[in-house]
Novice: 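Right, I'll just put the structure down here and ask away after.
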Amino acid sequence: MAKQQKTKIFISYKTGAKDGLTKDANQIRRFLEDQKYDVWMDSEKLIGSKEWNEEIYNAIPKSDIVLLLLAQKTGFSEWVQREITVARVTRVTVIPVMIRDDFDADMPPHKVLDEKFDLPRIQYERVINGTDDEFARLQAVIEQVKHQTRRQQEEWITELT
C-alpha cells in the first residue's frame, strides 16, 4: 500500500519580532504541524550555508498550499510579494489568512490582496485570536483545497505541451 504524502504548506509572512508577526506565524506553524501537515517556514527550514532566497524559491512550487499571513505591514513586504508571485506563476494555491485586524480604512484587506498581491476577489480566512474555531475553519479550508495545486499544475503543463 502506498504511503500517503503529507500536505505541504509554505507560510509566507512579514517577519517581525518586535511587533509579534513572527510569533503569530509560529503559532499557526505549530498548529499545522500538530495536525500532521508538512510545514515550510523560513525560521524553521532554512539551513546554514544555503542561499535563503534560492531555498525559498525552491520550496514554493513543491508546496500544495501557500498561506499568506495578512497584517497591515504584509502588503509592504517586497519578499512576501515575491513569494506570492512565485506561487501564482507556478500555480500553487494561495490561502490568505488575516492574522491582524490592523488595516487602515484606505487599505482594507481586500484592497491589499488586489493591489499588493494581484489576488482580486480571493476570500481570506481569519486567525486573529488563535481560537479553536479559527483553527478549525483554517484546517477545513486546507482540506478542501489541498489537491487543487496539483490539478492546476497538471492543466498548466498540458497547456504548455
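Excluded from the calculations below are hydrogen atoms, water molecules and symmetry mates; all remaining heavy atoms, backbone and side chain alike, are included.
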Novice: Looking at CZ of Phe135 and CD of Gln27, how far apart are the two atoms once the value is rounded to the nearest 0.5 Å?
Specialist: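 Reported to 0.5 Å precision, the distance equals 4.0 Å.
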
Novice: Can you name the residues that form a salt bridge (charged side-chain N to carboxylate O under 4.0 Å, His left out) with Asp118, not counting sequence neighbours?
Specialist: Arg88

Novice: Just one of Arg91, Lys146, Arg150 clears the salt bridge (charged side-chain N to carboxylate O under 4.0 Å, His left out) bar with Asp64, so which one?
Specialist: Arg150

Novice: Does some side-chain heavy atom of Leu68 sit less than 4.5 Å from a side-chain heavy atom of Leu113?
Specialist: yes

Novice: Which distance, rounded to the nearest 0.5 Å, do you find between the OG1 of Thr7 and the CG of Asp38?
Specialist: 9.0 Å

Novice: Looking at every non-hydrogen atom in both residues, tell me the closest pair between Lys62 and Lys8 and how far apart they are.
Specialist: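 Closest pair (atom of Lys62, atom of Lys8, distance): O-CD, 3.3 Å.
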
Novice: Side chain to side chain contact (heavy atoms under 4.5 Å, CB included), that's the test. Do Val97 and Leu70 meet it? Break it down for me.
Specialist: CA-CA 6 Å; Val97 180; Leu70 285 173; over 6 Å; no

Novice: Quick one: are Phe31 and Gln139 in side-chain contact, heavy atoms under 4.5 Å?
Specialist: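 Yes, their side chains come closer than 4.5 Å.
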
Novice: Hey, quick one: are Trp79 and Val89 part of the same hydrophobic cluster, counting side-chain heavy atoms closer than 4.5 Å, chains of contacts allowed?
Specialist: no

Novice: Under a 4.5 Å side-chain heavy-atom rule over Ile, Leu, Val, Met, Phe, Trp and Tyr, are Phe76 and Leu21 clustered together?
Specialist: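 No.
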
Novice: Using side chain to side chain contact (heavy atoms under 4.5 Å, CB included) as the criterion, list what pairs up with Val141, not counting sequence neighbours.
Specialist: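 So Val141 forms a side chain to side chain contact (heavy atoms under 4.5 Å, CB included) with Ile95, Glu125.
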
Novice: Quick check: closest heavy atoms across Ser63 and Val92, and the distance to 0.1 Å?
Specialist: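 Looks like O-CG1, 3.7 Å.
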
Novice: Grab the two heavy atoms, one from Arg100 and one from Phe103, that are nearest each other, plus how far apart they are.
Specialist: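 Scanning both residues, the minimum pair turns out to be O-CE1, 3.2 Å.
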
Novice: Which distance, rounded to the nearest 0.5 Å, do you find between the CZ of Arg29 and the OH of Tyr13?
Specialist: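 So the gap between those two atoms works out to 9.0 Å.
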
Novice: Working note: Glu134 + Ile128, criterion side chain to side chain contact (heavy atoms under 4.5 Å, CB included); need CA distance, chi angles, decisive distance, verdict.
Specialist: CA-CA 8 Å; Glu134 289 175 331; Ile128 294 175; 4.1 Å; yes

Novice: Does a sphere of radius 6.0 Å around CG in Asp34 hold more than 12 heavy atoms from other residues, nucleotides or ligands, not counting ones at 6.0 Å or beyond?
Specialist: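 Check passes, neighbour count above 12.
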
Novice: Are any side-chain N or O atoms of Asp114 and backbone N or O atoms of His110, one a donor and one an acceptor, separated by less than 3.5 Å?
Specialist: no

Novice: If you compare all heavy atoms of Gly75 against all heavy atoms of Lys116, which two are closest, and at what distance to 0.1 Å?
Specialist: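 Looks like O-CD, 3.3 Å.
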
Novice: Are any non-hydrogen side-chain atoms of Asp24 and Val127 less than 4.5 angstrom apart?
Specialist: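 Contact flag for Asp24/Val127 side chains = no.
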
Novice: Could you walk me through whether Tyr57 and Arg82 pass the side chain to side chain contact (heavy atoms under 4.5 Å, CB included) check?
Specialist: CA-CA 9 Å; Tyr57 293 150; Arg82 290 176 190 160; 3.4 Å; yes

Novice: Of all the heavy-atom pairs spanning Ile11 and Ala25, show the shortest one and how long it is.
Specialist: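 Looks like CD1-O, 4.2 Å.
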
Novice: Nearest 0.5 Å please: distance from the OG1 atom of Thr149 over to the NE2 atom of His147.
Specialist: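 Rounded to the nearest 0.5 Å, the OG1-NE2 separation comes out at 10.5 Å.
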
Novice: Could you state the interatomic distance from CG (Leu69) to OG1 (Thr74), rounded to the nearest 0.5 Å?
Specialist: 7.0 Å

Novice: List in chain and number order the residues that pass side chain to side chain contact (heavy atoms under 4.5 Å, CB included) with Gln148, two or more places apart in sequence or in another chain; answer none if no residue qualifies.
Specialist: Thr93, Val145, Arg151, Gln152

Novice: Do Phe117 and Val112 make a side-chain contact, defined as non-hydrogen atoms from C-beta onward lying under 4.5 Å apart?
Specialist: yes

Novice: Rounded to the nearest 0.5 Å, what's the gap from CD on Gln72 to CG on Asp101? Could you check?
Specialist: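 Taking CD in Gln72 and CG in Asp101, the distance rounds to 10.5 Å.
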
Novice: If I compare all heavy atoms of Ser77 with all of Lys14, which pair ends up nearest, and what's the gap?
Specialist: CB-CD, 3.6 Å

Novice: For Tyr37 and Ile142, run side chain to side chain contact (heavy atoms under 4.5 Å, CB included): C-alpha distance rounded to whole Å, both residues' side-chain angles, the deciding distance at 0.1 Å, then the answer.
Specialist: CA-CA 10 Å; Tyr37 294 107; Ile142 289 169; 3.7 Å; yes

